[in-house]
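Naming: A, B, ... by sequence-line order, numbering from 1 per chain. Note that the structure is predicted; figures quoted are calculated from it, not measured.
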Amino acid sequence: MQQETQTRNGAVKLNGHQVQLTNQSKIYWPEEKITKGELVDYYLSVADIMLPHLKNRPMSLHRFPNGIKGVSFYQKDLDVKNIPDWLKTVAIHASSTGKDVDYLLCNNEATLAYMANLGCIEVNPWLSRTTNLDNPDYIVLDLDPEDISFKHVIDTALCIRDILEEMDIGSYVKTSGSTGLHIYIPVACKYEYEVCRFFAQHVATEAHERMPDVTSITRAKAQRKHKVYIDYLQNSFGQTVAAPYSARPKPGATVSAPLLWKEVTGKLKISDYHIGNMHKRLDKVGDLWKEIHKQRNDLKAIIKNMDQN
DNA sequence: AAACCCT
DNA sequence: AGGGTTTATCAGCGG
DNA sequence: CCGCTG
């Protein structure tokens, strides 16, 4: 006897390729009874808007073969010999091992469906693209509350936006889909990771000076208790951040949702954005991050002033 | 590893 | 018998 | 989850 609820299989034709879908009825979010099939459907429903944000970015796969409560594992290196030949990968040299790692690229909806079927609930792209692997398109600040109310995350985010605005630097904000917010500063591949990280640290430090009681910028976990941790260390070669519109392996099937800055208020709730309602929001507001690549913030003046350290 | 097939 | 190929509602592991 | 190994 088969467990019919776990085995429904099938295939879809996307971008001219046959994509095998397995275990579409398997429960991935037990509390909400959301299935893997619904995860695949979600990604296909947002593909048009999401894919431009993924194009030519190496992917780290975070796979949850048994849903959000099951054991997960990370996979970067694909076995190129034994995956469908239509998948695109890029070989990147890993200095630590001296070997090449074949990273998956997700440039079409067939690949997005393939990834979701592998149990990739999240989509985790690099900050840089294959065309310019050493130069990220944007700088990322990751705000994470550690045993502190979410309203302090909002205050911290607005403080950071103000600091950037004072430097005439535009920024984008989204929910992380987990507990915090992500702020992106587009720089159009003008700087290498080290410069980006340095700038991010500068902004984080300034925010911490303005809000010393509720923020922390130190790696040590103990010093982050009851603080909003401003993580600037993600701006490094090979690091990833959950992409805009990425689902998250969290209760409520939340997604990382691009926001307008004016939506960052006391009313903001991360749980309001999930795979069940994102499509409706996109019909209404479209891609709020559509222009992110057109903005080129110039950090030159600021970096020069930071140089004496 | 075992079953199966072909000289 | 000796070699090559296929199968297993496989099990175990690694990514 | 999926494909390789025994």
Checklist line | Whole-Å gap separating P (C:dG15) and NE2 (A:His62) | finding: 16 Å
Margin query: How many whole angstroms separate atom CD of A:Gln24 from atom P of D:dC1?
Written below: 12 Å
Next item on the list: Find the distance A:Leu118:CG to C:dG14:C1' and express it as a whole number of Å.
Entry: 14 Å
Note to self: Using the P atom as the point on both nucleotides, what is the distance between D:dC2 and B:dC5, in whole Å?
What the structure shows: 31 Å
Check: Rounded to the nearest Å, what distance is computed from the CZ atom of residue A:Arg63 to the C1' atom of nucleotide C:dC13?
Finding: 13 Å
Next item on the list: For A:Lys36, report the nucleic acid contact type (base, sugar-phosphate, nothing); a contact means any heavy atom under 4.0 Å.
Entry: sugar-phosphate
Margin query: If I take atom CG in residue A:Asp79 and atom P in nucleotide D:dT5, what distance separates them, rounded to the nearest angstrom?
Written below: 9 Å
Margin query: For the backbone of A:Asp298 and the side chain of A:Tyr191, can you confirm whether one donor and one acceptor N or O come within less than 3.5 Å of each other?
Written below: no
Next item on the list: For A:Phe73 and C:dG15, give me the distance from atom CZ to atom C1', rounded to whole Å.
Entry: 6 Å
Margin query: Check A:Asp162 with A:Arg210, please: is the shortest side-chain N to carboxylate O separation under 4.0 Å?
Written below: no
Next item on the list: Report the distance from atom CG of A:Asn124 to atom P of C:dG15, rounded to the nearest whole Å.
Entry: 19 Å
Item checked: Interatomic distance at C1', D:dC4 relative to B:dC4, whole Å -> 22 Å
Next item on the list: Given side-chain contact (heavy atoms from CB on, under 4.5 Å), test A:Asn277 with A:His274 step by step and report yes or no.
Entry: CA-CA 6 Å; A:Asn277 64 8; A:His274 52 81; 3.1 Å; yes
Check: When rounded to the nearest Å, what value does the distance between C1' atoms of B:dC6 and C:dA8 take?
Finding: 22 Å
Notebook entry, point to check: Rounding to the closest angstrom, what is the interatomic distance between C:dA11 and B:dA3 at atom P?
Noted result: 16 Å
Note to self: Given D:dC1, D:dC4, C:dG15, identify the nucleotide with an atom nearest to the side chain of A:Gln75.
What the structure shows: C:dG15
Check: When the distance from CE of A:Met115 to C1' of D:dC2 is rounded to whole Å, what number comes out?
Finding: 15 Å
Margin query: Count I, L, V, M, F, W, Y as connected when their side-chain heavy atoms are under 4.5 Å apart, and connections chain through other members. Are A:Val255 and A:Leu54 then in the same cluster?
Written below: yes
Next item on the list: Determine the Euclidean distance between corresponding C1' atoms of B:dT7 and D:dC1; express it in Å to zero decimal places.
Entry: 42 Å
Check: Under 4.0 Å between a side-chain N or O of A:Lys26 and OP1 or OP2 of D:dC1?
Finding: yes
Note to self: In terms of relative ring orientation, are A:Trp86 and A:Tyr114 parallel, tilted or perpendicular, with 30° and 60° separating the classes?
What the structure shows: perpendicular
